[in-house]
Amino acid sequence: MEKQKKIKPLKELPSGFEDRQEKELLVRDFVISNIKEVMIKYGFQYLETPSFEYTESIGKYLPDKERPGEGIFSFKDENKWVSLRYDLTAPLARYVAKNFNEISKPFKRYQLGRVWRNEKPGPGRYREFLQFDADCVGTKNLQADAELCILISEILEKCGLEKKDYTIKISSRNFTNEIFNKLKITSKEQISMTIRSLDKVKRLGWTEVKKLLGKGRKDKSGDFTKGAELNESQINYLEKKINETKPETDDVIEVTKIFDFYEFDNYEFDPSLVRGLEYYTGPIFEIDLNFDVKNSKGQIIQFGSVGGGGRYDNLVNNFGNFECPATGISIGLDRLVYALMQKKDFKIETVKPVMICVFDKKNMGEYIKILKKIRSANINSEIYPGEGKLKKQMEYANKIQSPCVIFYGDDEVKNKEVKLRNLKTGDETLIKIEDLTNEINKII
RNA sequence: GCACGGGUAGCUCAGUUGGUUAGAGCAGCGGUUUGUGGAACCGAAGGUCGACAGUUCGAGUCUGUCCCCGUGUACCA
């Protein structure tokens, strides 16, 4: 007899996609409820936009044949390319342009939504993740930028982080622009290489970044990265600038002044902060966590920031002739939750159901009567949902951490009683049916 | 993309210089207990050893190619 080859579907998930279990979801819900509370308090409107947008609306790269727009997930619908959004900022710009005449200006909105990136996943970085965005469009007022940082800080502290656990870093695109003017670095390639190198100061340290600014650097695994080929005096000047602790550009100075009025001081001017190249035009921010994050194997991993943002005065204008400066900030919620769960031992738990044992299906009517009675008293409860024997039922109750089980078998029915077993202590008591909800409430 | 490490049962892993029929723990299943979980004991079951090709009398083990996972690095509008 020949064994037939079984064709099994894969139980693995596509790279970068994750199942999320209750424990994590409850913490996430907690974070989200804090976010909503703070956003309402700060006067922001709630918005939702679809997962898909026309590819041309969310990125300036037009799709090519096979895998259009590296970095995003796309497909051709009829004759148009559509893509899963990779952030919430581009859809907001599109929304604002579309509803330009109707919306208030300034327009303050917040949004929670999944975004997708077709990139190599890393520790705590997925290809599908939940993002939270708060933006203020239609004004150049730097009060908006400052308030975004303050609101993020309030959210983080509501979630249980202390001041020392996180820092909001701030800098400005104008700061780096000035440096390049002074150094007479004009080659686009060199500028972008330099910016990206500077962005790594915190992670790699100045010694390593120096190599990246010069000839290049070998990483831990022995892989070589080509450098920006700056000369020594240029590197030295950069080093001096990078160690500035006081902001020099007007926009950052003004934002920090506003911080003072709010008595907010958990920020740091960080000249090495750069963030995405193209669309930022003014102050930029990043939210860094100041504690170690480990992976499932207990190794400390390079976690990076949990969020960031900045001013993007020209984005909306891409959709037509709209004079619409804007600023915004976003948080990677899954990453934040991942880190939060390690920092704090969250005891967010649902009350598990009381379970009624099934002795004989013939008596299901009786069991349901009891179930209805305790459910109407708002006690989480269920009749054993499986088919096993009593032992099986008890194992199930134990596994789902049911606080107690109800025995209502022939003996109990005869005496018009119910036997209640406390699964934490193992105690069993016979009680009258009318006392049942009271007794259960004592145990829960 | 590049570099390093890994892929053996549902999960975590062991598997000697290539050598009969590939092991363990946990979980699951059955039983000791047909009305009692979290403990114990007993039993049975569970595998295209990531895929394909090659070397060999013989490959989980060696070689090549590819796929997937992890970490670092790069990219990230």
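Numbers restart at 1 for each chain; the letters A, B, ... are given by sequence-line order, proteins then strands. Everything quoted here is computed from the prediction, not taken from an experiment.
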Whole-Å distance separating the CD atom of E208(A) from the C1' atom of rG72(B): 12 Å
Gap between atoms CZ and C1', on F224(A) and rA74(B) respectively (whole Å): 13 Å
Rounded distance in Å - CD (Q393(A)) to P (rU36(B)): 11 Å
Geometric class of the Y367(A)/Y408(A) ring pair [parallel <30°, tilted 30-60°, perpendicular >60°]: perpendicular
For rG58(B), the Watson-Crick or wobble partner whose two distances fall under 3.5 Å: none
Watson-Crick or G-U counterpart of rC75(B), or none if no pair lies under 3.5 Å: none
Sugar-phosphate only, base, or nothing, as touched by E119(A) at under 4.0 Å among non-hydrogen atoms: base
Sugar-phosphate, base or nothing in reach of D87(A), heavy atoms under 4.0 Å: nothing
E56(A) and W81(A) side chains, donor-acceptor separation under 3.5 Å: no
Protein-nucleotide distance (K120(A), atom NZ; rC69(B), atom P), rounded to Å: 10 Å
Base-pairing assignment for rA45(B) (Watson-Crick or G-U wobble, both under 3.5 Å): none
Base-pairing assignment for rA14(B) (Watson-Crick or G-U wobble, both under 3.5 Å): none
Opposite nucleotide pairing with rA40(B), Watson-Crick or G-U, both atom distances under 3.5 Å: rU32(B)
Interatomic distance where CD belongs to E128(A) and P belongs to rC76(B) [whole Å]: 23 Å
Nearest-nucleotide pick for F407(A), side chain only, options being rG38(B), rA74(B), rU36(B): rU36(B)
Atom-pair distance (CZ on R217(A); P on rC75(B)), nearest Å: 12 Å
Beyond-backbone contact of F132(A) with I152(A), side-chain heavy atoms, under 4.5 angstrom: yes
Donor-acceptor contact below 3.5 Å, side chain E53(A) vs main chain P91(A): no
Closest to side chain of N398(A), choosing from rA74(B), rC75(B), rG37(B): rG37(B)
G409(A) or L204(A), whichever maps to the more 5' nucleotide of RNA chain B: G409(A)
Within the 6.0 Å centroid threshold, strictly below: F269(A) and F175(A): yes
Rounded interatomic separation in angstrom, taking CG from D427(A) and C1' from rG37(B): 14 Å
Sugar-phosphate only, base, or nothing, as touched by K200(A) at under 4.0 Å among non-hydrogen atoms: sugar-phosphate
rG70(B) pairs with, by Watson-Crick or G-U criteria that keep both distances under 3.5 Å: rC4(B)
Sugar-phosphate, base or nothing in reach of K419(A), heavy atoms under 4.0 Å: base
Touch class at under 4.0 angstrom, heavy-atom based, for S15(A) against every strand present: sugar-phosphate
Closest to side chain of L390(A), choosing from rA74(B), rC76(B), rU36(B): rU36(B)
Donor-acceptor contact present, side-chain E24(A) to main-chain Q21(A), <3.5 Å: no
Sugar-phosphate only, base, or nothing, as touched by E412(A) at under 4.0 Å among non-hydrogen atoms: base
Stacking check F359(A) vs rG35(B) (5.5 Å / 30 deg): no
Rounded distance (Å) that lies between atom C1' of rU36(B) and atom NZ of K391(A): 9 Å
Touch class at under 4.0 angstrom, heavy-atom based, for E428(A) against every strand present: base
Candidate nucleotides rC76(B), rG38(B), rG72(B), ranked by approach to the side chain of D219(A) - the nearest: rG72(B)
